[in-house]
Amino acid sequence: MSMILSASVIRVRDGLPLSASTDYEQSTGMQECRKYFKMLSRKLAQLPDRCTLKTGHHNINFISSLGVSYMMLCTDNYPNVLAFSFLDELQKEFITTYNMMKTNTAVRPYCFIEFDNFIQRTKQRYNNPRSLSTKINLSDMQTEIKLRPPYQISMCELGSANGVTSAFSVDYKGAGKISSAHQRLEPATLSGIVGFILSLLCGALNLIRGFHAIESLLQSDGDDFNYIIAFFLGTAACLYQCYLLVYYTGWRNVKSFLTFGLICLCNMYLYELRNLWQLFFHVTVGAFVTLQIWLRQAQGKAPDYDV
């Protein structure tokens, strides 16, 4: 029997689920398809806005618009035109109900779970073709699909759902951490943002002093060339701290400690050119940003929210 089995609404930029069906089956086939749902959600930003993934006896179709993706699972014999018409209805209703500000600032998974009421009503209609024939006009959707058919995602392109290594697969070994290429950090705090700004300020001050030292050297005022190196190394260290604060990398905490050590060494060398307050400011900012890097850790494996 051809039918729609489940549907989800997902934010494109980070794969955060915003809403989903609550009555999915617990069969092995459905659980396997839900793995594909998760894999696709992590890759939505790299895919076209209309796609289909064939997974044996089931198809996963989705459309994306305005930073939100609407995804559905159906049997492999469910008509394409009905599938994308169903997604189009979800999209129109979601855009009408929720503004972009709410979807862009959402933090908690399934924060729009009440939208499931509309998903359920629409799914029931589309699973009963007789009730559809007099309520929707499919000719426009048929024409659109013919002119711009959905992109067919291959299994090789997606990766394996059972954990085989690929560019988009997830490593569940050990503590179950996501591979570093796709790891996300915890949301930035106010203190982290302040640290980022202060680190940029220190970098800018070092850069300005470095250029002044170059001018003094060219005018033969006796400035040591090593001072110039120290200023520019300090600039590079501050900017690298900003990078570590924003992005996840391997050995991130160790790198932050070594970067802070470089900042301290540069300021020790520049002791004669700076007063105690300036030295205190630069070292304190470096220590504060290092602490913020340590506090803003990588997110662990996302919970399996079986809503």
Side-chain angles (χ1 to χ4, degrees), residues 13-16 42 45 104-109 170-214 216-217 223-303:
R13 76 168 187 264
D14 56 4
L16 180 75
R42 297 186 183 102
N104 288 336
T105 57
V107 176
R108 181 172 53 87
V170 178
D171 182 12
Y172 291 101
K173 297 179 181 178
K177 293 183 179 179
I178 302 173
S179 61
S180 62
H182 300 282
Q183 184 71 296
R184 292 196 299 269
L185 296 172
E186 294 174 350
T189 60
L190 179 60
S191 57
I193 295 172
V194 171
F196 181 87
I197 295 172
L198 288 175
S199 187
L200 283 180
L201 176 61
C202 288
L205 291 173
N206 283 325
L207 188 64
I208 293 171
R209 291 294 301 273
F211 282 121
H212 286 169
I214 292 175
S216 298
L217 184 66
D223 266 3
D224 190 346
F225 182 75
N226 290 333
Y227 288 148
I228 299 174
I229 297 176
F231 280 124
F232 284 111
L233 278 178
T235 300
C238 291
L239 294 179
Y240 192 62
Q241 277 198 323
C242 292
Y243 175 84
L244 291 175
L245 189 58
V246 174
Y247 296 103
Y248 178 85
T249 65
W251 300 87
R252 183 166 166 268
N253 289 343
V254 175
K255 291 176 181 177
S256 67
F257 181 77
L258 293 176
T259 305
F260 174 61
L262 178 60
I263 290 174
C264 292
L265 288 175
C266 290
N267 281 278
M268 287 175 60
Y269 191 82
L270 296 170
Y271 179 80
E272 295 180 356
L273 300 182
R274 283 177 168 161
N275 60 42
L276 289 177
W277 285 111
Q278 290 174 329
L279 293 171
F280 177 77
F281 175 74
H282 281 271
V283 173
T284 302
V285 169
F288 179 70
V289 176
T290 301
L291 176 62
Q292 295 306 312
I293 293 171
W294 282 51
L295 292 177
R296 192 185 184 200
Q297 293 300 309
Q299 291 179 345
K301 177 181 176 293

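None of these values were measured; they are calculated from a predicted model.
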Once rounded to the nearest 0.5 Å, what's the spacing between atom [atom1] of [X] and atom [atom2] of [Y]?
X    : Y    : atom1 : atom2 : value
L239 : L200 : CG    : CG    : 6.5 Å
L265 : L233 : CG    : CG    : 10.0 Å
Y271 : L279 : OH    : CG    : 7.5 Å
L258 : I263 : CG    : CD1   : 11.5 Å

Worksheet item: Do the ring centers of F211 and F231 come within less than 6.0 Å of each other?
Response: no
Worksheet entry | Pair listing, side chain to side chain donor-acceptor pair (under 3.5 Å) test, anchored in residues 232-245, at least two apart | Q241-T290
Would you say [X] and [Y] make side-chain contact, with heavy atoms under 4.5 Å?
X    : Y    : answer
F232 : N206 : no
Q278 : L270 : no
R252 : W294 : no

Give me the atom names and distance for the closest heavy-atom approach of [X] to [Y].
X    : Y    : answer
L262 : A237 : CD2-CB, 4.0 Å
L16  : A106 : CD2-O, 3.6 Å
T249 : L244 : OG1-CD2, 3.8 Å

Could you tabulate the donor-acceptor pairs under 3.5 Å formed by side-chain atoms of residues 190-199, not counting sequence neighbours?
residue: S191; atom: OG; partner: T189; partner atom: OG1; Å: 3.1
residue: S191; atom: OG; partner: Q292; partner atom: OE1; Å: 3.0
residue: S199; atom: OG; partner: C238; partner atom: O; Å: 2.8

Worksheet item: Would you find a donor on one side and an acceptor on the other, under 3.5 Å apart, between the side chain of R296 and the backbone of L245?
Response: yes
Worksheet item: Given the rule in the side chain to side chain contact (heavy atoms under 4.5 Å, CB included) test, do V254 and F257 qualify, once you have shown the distances and angles that lead to the verdict?
Response: CA-CA 5 Å; V254 175; F257 181 77; 5.8 Å; no
Scan the side chains in residues 280-289 for donor-acceptor partners under 3.5 Å anywhere in the protein, sequence neighbours excluded, and list what turns up.
residue: H282; atom: NE2; partner: R274; partner atom: NH2; Å: 3.4
residue: T284; atom: OG1; partner: F280; partner atom: O; Å: 2.6

